[in-house]
2 protein chains.
Amino acid sequence: MNVTATEENYLKAIFKINERTNKAVNTNSIAALMNTSPASVTDMLKRLSEKKVINYIKYKGVTLSPEGNKIATNLIRRHRLWEVFLVNKLNFSWENVHDIAEELEHIKSDRLINSLDNFLGNPRFDPHGDPIPNAEGKFMLRNQISLDQLRPGQIGTLVGVKEHDSPFLTYLNSLNIELGTQLKVISKIDFDHSMKVKIDTNNESQLSQKICKNLLVKRI
Amino acid sequence: MNVTATEENYLKAIFKINERTNKAVNTNSIAALMNTSPASVTDMLKRLSEKKVINYIKYKGVTLSPEGNKIATNLIRRHRLWEVFLVNKLNFSWENVHDIAEELEHIKSDRLINSLDNFLGNPRFDPHGDPIPNAEGKFMLRNQISLDQLRPGQIGTLVGVKEHDSPFLTYLNSLNIELGTQLKVISKIDFDHSMKVKIDTNNESQLSQKICKNLLVKRI
DNA sequence: TATAATTTTTAGGTCACCCTAAATATTAAT
DNA sequence: ATTAATATTTAGGGTGACCTAAAAATTATA
Ligand SMILES: [Mn+2]
Ligand SMILES: [Mn+2]
Ligand SMILES: [Mn+2]
Ligand SMILES: [Mn+2]
């Protein structure tokens with residue numbers, strides 16, 4: 001089934017919303033995520049349904065068909081591999097790769113993406129710690145929790161971030177927090193649920209609950 | 001000036017035809033090169049003229065404005081750099097890179113292309129021997145002649161090919177001819193202007209005039 | 001359960017990019 | 001200089017992807 005770049009983006013959006021909510025995806029959430037109008041979404045859902053890449057029942061939300069799922073996971077694979085390329089080979093930093101990958105992901109060539117994967121050493125995670133699905137669309141799972149779930153005294157290694165927007169990542173840069181950084185919870189403030197955290201063996205910083213919820217760590 | 005990917009392709013086509021003919025480019029030649037109808041070309045020329053990237057006089061053909069020239073040379077720069085990437089880093093061979101580069105070239109990020117250029121070691125020629133313009137759009141010139149201009153006994157090093165289509169390049173592969181290969185003219189047949197040519201220090205092959213006109217060499 | 005609020009779809013329209021057929025302008029040939 | 005051939009543009013139309021406003025369906029609330 002031949003889909004356009006725009007259609008791929010819609011499928012990816014549906015995949016991501018479903019990943020988060022685990023239920024049929026509604027029109028408005030797609031519109032919100034894609035910065036488009038609900039009417040445009042309905043328009044597109046009809047086309048995607050026609051192409052049999054989604055299961056669509058009027059007013060009842062939408063899920064991906066097996067073919068749609070394959071297209072979406074493949075797109076995510078390409079997106080994340082290009083992000084690795086940009087960071088590891090072209091020395092971009094993690095807050096500057098998403099928008100470019102958003103374009104690169106649509107280049108359609110299996111050969112290209114498999115060569116790229118190989119060239120990069122078959123990475124399993126992207127620069128934000130997100131798993132890169134293999135050619136069959138399987139994601140690698142990892143036991144991870146958000147930093148705010150740690151109790152004082154506990155230590156975690158940063159393995160991922162939930163939010164990917166530039167300002168948040170730039171803020172982490174300023175705190176010297178990156179993937180692999182060790183974070184030790186010193187204390188928690190009950191009032192606003194912020195935490196005092198020791199970053200690697202260096203400085204201590206006060207992190208808001210919002211920040212802590214967006215930092216994914218592996219307990220050690 | 002913001003141009004779409006399609007508009008960029010038209011500008012590149014105009015640039016290439018003008019490069020070959022050195023005069024105002026006519027509608028039909030653009031249509032032929034782009035596999036589209038003359039009516040569609042006229043349609044696009046109006047848009048491009050509106051955007052001031054071409055100088056267009058009805059019925060009189062078209063030339064690039066300075067801004068149009070900049071867009072076209074920049075596109076060619078991106079195209080050729082991606083081809084180098086595919087060949088030098090991802091181990092593609094020269095007959096399989098053009099179509100993919102045709103998509104990659106439209107990714108718009110100066111930072112991306114400058115990092116790529118740097119990553120590749122600032123190559124001055126692409127895998128087909130075509131010069132890669134610098135960031136200012138300047139092409140490197142090289143004194144080269146087509147193989148058919150050599151006389152028996154003379155030797156040339158292959159520095160480029162005129163045609164870029166897959167079958168031609170695949171044929172060259174089968175003859176063990178690639179960039180850098182030494183070609184020594186053994187004899188010329190007056191009847192069909194074909195040539196017997198020694199390829200490096202190995203075998204001799206009979207090459208048709210059409211092939212010889214497409215091989216660009218530097219005399220040594 | 002009836003009404004209000006929210007969500008979703010339909011209606012009708014725009015814009016870029018393409019098409020074919022017909023009309024018009026330019027260039028070549030007699 | 002006409003006429004014929006060729007090149008180019010105009011006319012009219014289609015599709016994908018968007019939009020706003022209005023209508024209809026669903027869900028929440030009183
Ligand atoms: Mn991303
Ligand atoms: Mn995308
Ligand atoms: Mn090429
Ligand atoms: Mn192109």
Side-chain angles (χ1 to χ4, degrees), chain A residues 1-14 17-18 20-21 23-64 68 71-72 75 102-103 105-106 108, chain B residues 1-14 17-18 20-64 68 71-72 75 102-103 105-108:
Chain A
M1 185 48 57
N2 239 23
V3 291
T4 66
T6 310
E7 288 169 340
E8 283 187 327
N9 285 339
Y10 274 91
L11 292 174
K12 186 170 68 166
I14 294 165
I17 296 166
N18 174 263
R20 176 157 43 80
T21 62
K23 57 182 186 185
V25 174
N26 53 314
T27 303
N28 272 1
S29 62
I30 300 172
L33 185 60
M34 303 196 64
N35 278 308
T36 186
S37 73
S40 301
V41 173
T42 301
D43 201 42
M44 177 59 87
L45 292 182
K46 286 177 191 162
R47 274 196 296 277
L48 293 173
S49 186
E50 198 63 46
K51 291 191 176 187
K52 304 201 186 301
V53 291
I54 60 170
N55 311 114
Y56 173 50
I57 306 163
K58 257 193 190 184
Y59 293 101
K60 295 295 176 188
V62 65
T63 57
L64 295 178
I71 294 167
L75 185 65
E102 204 59 46
E103 298 188 48
E105 67 186 4
H106 297 290
K108 272 185 250 308
Chain B
M1 184 49 56
N2 240 23
V3 291
T4 67
T6 311
E7 288 169 341
E8 282 187 328
N9 285 340
Y10 273 90
L11 293 174
K12 187 170 67 166
I14 294 164
I17 297 166
N18 174 263
R20 176 158 42 81
T21 62
N22 284 306
K23 58 182 185 187
V25 175
N26 52 314
T27 302
N28 273 0
S29 61
I30 299 172
L33 184 60
M34 301 197 65
N35 278 308
T36 188
S37 72
S40 300
V41 174
T42 300
D43 201 43
M44 178 58 88
L45 293 182
K46 285 176 190 164
R47 272 197 297 277
L48 293 173
S49 186
E50 198 62 46
K51 290 191 174 185
K52 302 200 187 303
V53 291
I54 60 171
N55 311 114
Y56 174 49
I57 306 161
K58 256 193 190 185
Y59 294 102
K60 295 295 177 190
V62 64
T63 56
L64 295 177
I71 294 167
L75 185 65
E102 203 59 44
E103 298 187 47
E105 69 185 5
H106 297 289
I107 312 272
K108 272 187 248 312

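Lettering follows sequence order; numbering is per chain, from 1.
Rounded to the nearest 0.5 Å, atoms OG1 (B/Thr42) and CG (B/Asn28) are 8.5 Å apart. Annotation: the span from A/Thr4 atom OG1 to A/Arg47 atom CZ amounts to 7.5 Å, rounded to 0.5 Å. Atom CD1 of B/Ile54 and atom CG of B/Leu48 lie 4.5 Å apart (nearest 0.5 Å). Put simply, CG on A/Asn2 and CD on A/Glu7 are 9.0 Å apart, with the number rounded to the nearest 0.5 Å. Distance CD1/A/Ile14 to CE/A/Met34: 8.5 Å, rounded to 0.5 Å.
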**Complete:** In B/S/- notation (B base, S sugar-phosphate only, - none; protein heavy atoms under 4.0 Å), nucleotides 5-17 of chain D written 5' to 3' is --SSBB-----SB

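C/dC15 atom P lies 18 Å from atom CG of B/Leu48, rounded to whole Å.
The phosphate of C/dC17 (OP1 or OP2) has no side-chain N or O of B/Ser40 nearer than 4.0 angstrom. Between B/Ser37 and the phosphate of C/dT20, there is no side-chain N or O to OP1/OP2 separation shorter than 4.0 Å.
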